[in-house]
Amino acid sequence: MKKILRNASTKGALLLLGAAFCAPLLFLLSGSVMSRYELRESLLPLMADQDQLIGWHFWPWYPTFDHYVKILFQTPQFFVVFWNSMKLTAWILLGQLVIAVPAAWAFAVYPFRFRKLLFTLYIVLMLMPFQVTMLSSYLVLNGLSLMNTHGSIILPAVFSTYPVFLVYRGFCNLPKGLIEAARIDGAGEWMIFRKIGLPLASGGILSAVVLGFLEYWSLIEQPLAFLEDQSLWPLSLYLPEISLDQAGYSFVASVITLIPAVFVFLSGREYLEQGIVASGLKE
């Protein structure tokens, strides 16, 4: 009996925590289908800067999809910033696959001099926040005439050290004997990398792609610092530009922004867990 009560209490506590975590999403979805009058009435204390709490109900009195129609069919600027985000994220992830995966393979397989020292330097760079490297990045990008272009966002992200670290852990789990056996059989280094390394470490590579998408889809600081032309802004900078009197459009834009991230997360959740586990293993 005690065991049953303990299990029931544990499940109840988990359900309450799950409901608490889902509350912001329900808040977002309900706000996206509220009428303008209902939103104005609910958010009036916030908009008028009053010392009162906003009144909110998760099921709208008069649901409407007018805000979705306005954003999807009558706001061309929204599609411009949406495709800017898609372009930036796609090029960054593609560049990271070209740069980070071979670099991680070299760190994991080839015992060259100062390998551990260089890899430690990679880890130190990974721990530095953007605020620390912003000035040096600005000087380099300005010298390359990349300021106010998408290249100023793509180039630094392509050479990020975090995907190297994550994919490196996946390559470290490969059996060394398997690689040596392939060399004895006459396989070249490129064939070993392509036929053995990439398939067996695909979990770490895909986890790096999933984490990279979740990070670069919602970039704020880098575009804000390096992009002056608003037509080049990603979707993450479009949302703060929506004023409070257009709260319905803000809710809808937030829902649409959330859809690709949720889809990628659910599709790559298994690989993401594998990558997190691999990154926690000691060398």
Practice problem: Carefully, step by step, assess Phe165 and Phe107 under the rule side chain to side chain contact (heavy atoms under 4.5 Å, CB included). | Solution: CA-CA 9 Å; Phe165 168 77; Phe107 276 120; over 6 Å; no
Practice problem: Check step by step if side chain to side chain contact (heavy atoms under 4.5 Å, CB included) holds for Leu232 and Asp229. | Solution: CA-CA 6 Å; Leu232 299 175; Asp229 190 353; 4.0 Å; yes
Quiz prompt | Leu224 vs Leu219, side chain to side chain contact (heavy atoms under 4.5 Å, CB included): CA-CA, chis, key distance, verdict | solution = CA-CA 9 Å; Leu224 195 61; Leu219 279 180; over 6 Å; no
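Side chain of Ser85 to main chain of Pro234: no donor-acceptor pair is present (N/O by atom type, distance under 3.5 Å, no hydrogens or angles). A distance-only check finds a donor-acceptor pair linking the side chain of Thr64 to the backbone of Asp66 [under 3.5 Å]. Side-chain N or O atoms of His67 include none that pairs as donor or acceptor with a backbone N or O of Val33 at under 3.5 Å. Counting only distance, with no hydrogens or angles, the side chain of Trp91 and the backbone of Met86 share no donor-acceptor pair below 3.5 Å. Of the possible donor and acceptor atoms, one in the side chain of Asn148 sits under 3.5 Å from a partner among the backbone N and O of Glu228. In terms of modelled atom types and a separation under 3.5 Å, the side chain of Ser152 and the main chain of Thr149 share a donor-acceptor contact.
Looking only at side-chain heavy atoms (C-beta outward), Thr89 and Ile92 stay at 4.5 Å or farther from each other. At least one side-chain heavy atom of Ser160 sits under 4.5 Å from a side-chain heavy atom of Tyr216. Side-chain contact between Phe171 and Phe193: present, with at least one pair of heavy atoms (C-beta onward) separated by less than 4.5 Å. Under the 4.5 Å side-chain criterion, counting only non-hydrogen atoms from C-beta, Phe78 is in contact with Ile256. In this structure, the side chains of Trp105 and Tyr168 stay at 4.5 Å or more apart for every pair of heavy atoms. At least one side-chain heavy atom of Trp233 sits less than 4.5 Å from a side-chain heavy atom of Gln230. Within the 4.5 Å cutoff, the side chain of Val124 has no heavy atoms near those of the Thr161 side chain. The shortest side-chain heavy-atom distance between Val164 and Phe159 does not fall under the 4.5 Å cut-off.
The hydrophobic cluster containing Leu117, built from Ile/Leu/Val/Met/Phe/Trp/Tyr side-chain heavy atoms closer than 4.5 Å, also comprises Phe114.
Transitive grouping of hydrophobic side chains (ILVMFWY, heavy atoms separated by less than 4.5 Å) keeps Ile184 and Met191 in distinct clusters. A continuous path of ILVMFWY side-chain contacts below 4.5 Å connects Phe73 to Tyr68, so both sit in one hydrophobic cluster. Val80 and Trp83 end up in different hydrophobic clusters when Ile, Leu, Val, Met, Phe, Trp and Tyr side chains are linked at under 4.5 Å.
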Distance-only check: which donor-acceptor pairs under 3.5 Å involve side-chain atoms of residues 24-31, not counting sequence neighbours?
residue	atom	partner	partner atom	Å
Ser30	OG	Leu26	O	3.0
Ser30	OG	Phe27	O	3.0
Ser30	OG	Trp56	NE1	3.2

Tabulate below the donor-acceptor pairs under 3.5 Å that side-chain atoms of residues 134-142 make, not counting sequence neighbours, or state none.
residue	atom	partner	partner atom	Å
Ser136	OG	Thr133	O	3.0
Ser137	OG	Thr133	O	2.8

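The six-membered or imidazole ring of Trp217 lies away from that of Phe263, with a centre-to-centre distance of 6.0 Å or more.
With Ile153 as reference, Leu88 is the one residue of Leu146, Asn84, Leu88 to meet the side-chain contact (heavy atoms from CB on, under 4.5 Å) rule.
The nearest pair of heavy atoms linking Lys70 to Thr75 is O-OG1, 2.7 Å. Here the closest non-hydrogen pair linking Val252 and Ser32 is CG2-O, 3.7 Å. Residues Pro163 and Ala100 approach most closely at CB-CB, 3.9 Å, considering heavy atoms. Counting all heavy atoms, side chain and backbone alike, Phe265 lies closest to Leu214 at CD1-CD1, 4.2 Å. Minimum heavy-atom separation, Leu93 to Phe213: CD2-N, 3.8 Å.
Gln74 CD: more than 12 foreign heavy atoms inside a 6.0 Å radius. Within 6.0 Å of the CZ atom in Phe65, the count of heavy atoms belonging to other residues, nucleotides or ligands does not exceed 12.
Atom CZ of Arg115 and atom OG1 of Thr120 lie 10.0 Å apart (nearest 0.5 Å). Atom OG in Ser267 sits 11.0 Å away from atom CG in Leu206 (nearest 0.5 Å). Considering CZ of Phe130 and CD of Gln222, their distance stands at 4.5 Å, rounded to 0.5 Å.
Judged as a side-chain hydrogen bond (donor to acceptor under 3.5 Å, both in side chains), and not counting sequence neighbours, the contacts of Gln131 are Glu221.
For residues 12-29, no residue pair satisfies the side chain to side chain donor-acceptor pair (under 3.5 Å) rule, not counting sequence neighbours. Screening residues 186-197 for side chain to side chain donor-acceptor pair (under 3.5 Å) gives Tyr110-Glu189, Arg183-Glu189 as the qualifying pairs, with residues at least two apart or on separate chains.
Judged purely by distance below 3.5 Å, without hydrogens or angles, the side chains of Gln96 and Tyr162 never pair a donor atom with an acceptor atom.
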